[in-house]
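Values below: all heavy atoms of this structure, side chains included; hydrogens, waters and symmetry mates excluded. Please read these numbers as outputs of a predicted model, since none were measured by experiment.
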Amino acid sequence: MPEDVFRWVIAIAVILAAIAFLVQAGIAIALYRVATRLQARVMPLADRAEPILDTTRQILDENRPRIAEISTQGVEIARSAREQVVKVGELLDETSARARVRLAHIDEKVEKSVEQVEQVGTVVKSAVLKPVHEASAIMAGIRAALVTYAQGGRRPSVDHATQDEEMFI
């Protein structure tokens, strides 16, 4: 690159840097002016906020013991509630276990009762049917005797066997 072109490039770069510096300086001055105007507007607000902050600090200082007491009581209430929940849980577990044992006992008793009812039914059935069978057998014997007596002592042929006689054969 020739020396003349190099000098022109350097000169243009210096001019651009100077312009950038002037722009930055202008922006800094504008920001300073905005900050001073903003400060002039905000300071009266801050002056008004200071009594409010003082009052708030005073209220907090006055109520700090009450707040601490309320916090302590809240912690105690939470601890007590947790203990009560644990006790209720234990009570429910114990009650549930007892109920299971009781239900198993009741189930066992009901099962034994059903077995006993079945046994009683069988015994009653046997007790009722035995005399009925005996009475039926006696009636069959009486009928056979009457039939034999009515026939005059003759025995009927095998062709004329009655239904009752077939059962005895």
Exercise. When Ile, Leu, Val, Met, Phe, Trp and Tyr are grouped by side-chain heavy atoms lying under 4.5 Å apart, directly or through other members, which residues fall in the same group as L31?
Worked result: I15, I19, V23, I27
For this session: Please go through I12's hydrophobic cluster and name the other residues, only I, L, V, M, F, W, Y counting, with side-chain heavy atoms under 4.5 Å joining them.
Result: L16
Exercise. If you round to the nearest 0.5 Å, how far is OG1 of T36 from CZ of R41?
Worked result: 10.5 Å
Seminar exercise, completed: Between the CD atom in E62 and the CG atom in L60, the distance rounded to the nearest 0.5 Å is 9.5 Å
For this session: Quick one: name the residues clustered hydrophobically with L146, using the 4.5 Å side-chain heavy-atom rule over I, L, V, M, F, W, Y, and just say none if it's on its own.
Result: I138, I142
Problem set entry | Worked verdict on D61 versus R64 for side chain to side chain contact (heavy atoms under 4.5 Å, CB included) | CA-CA 5 Å; D61 290 341; R64 188 166 288 157; 3.6 Å; yes
For this session: Would you list the pairs meeting side chain to side chain donor-acceptor pair (under 3.5 Å) in which at least one residue belongs to residues 92-102, sequence neighbours left out?
Result: E94-R98, S96-R100
For this session: For residues 71-91, pull every pair meeting side chain to side chain donor-acceptor pair (under 3.5 Å), keeping only residues two or more places apart or in separate chains.
Result: E69-Q73
Problem set entry | Residues which pass side-chain hydrogen bond (donor to acceptor under 3.5 Å, both in side chains) with D54, listed by chain and number, not counting sequence neighbours | R57
Problem set entry | Sidechain-backbone polar pair: N63 side chain, I59 backbone, donor-acceptor under 3.5 Å | yes
For this session: Using salt bridge (Lys or Arg N to Asp or Glu O under 4.0 Å) as the criterion, list what pairs up with R33, not counting sequence neighbours.
Result: none
For this session: Measure the spacing between OH of Y32 and CZ of R37 and express it to the nearest 0.5 Å.
Result: 12.0 Å
Exercise. Excluding sequence neighbours, so at least two apart, what forms salt bridge (Lys or Arg N to Asp or Glu O under 4.0 Å) with D4?
Worked result: none
For this session: Using the salt bridge (charged side-chain N to carboxylate O under 4.0 Å, His left out) rule, collect all pairs that involve residues 18-31, keeping only residues at least two apart or in two chains.
Result: none
Exercise. Is the backbone of V132 close enough, under 3.5 Å, to the side chain of S136 for a donor and an acceptor to pair up by distance?
Worked result: no
Exercise. Tell me, which pairs form a side chain to side chain donor-acceptor pair (under 3.5 Å) where one or both residues lie in residues 7-27, sequence neighbours left out?
Worked result: E3-R7
Sequence neighbours excluded and cut-off under 3.5 Å, please list the side-chain donor-acceptor pairs for residues 111-130, or say none.
residue : atom : partner : partner atom : Å
S113    : OG   : K109    : O            : 2.9
T122    : OG1  : E118    : O            : 2.9

Seminar exercise, completed: Apart from V34 itself, members of its ILVMFWY cluster (side-chain separation under 4.5 Å) are none
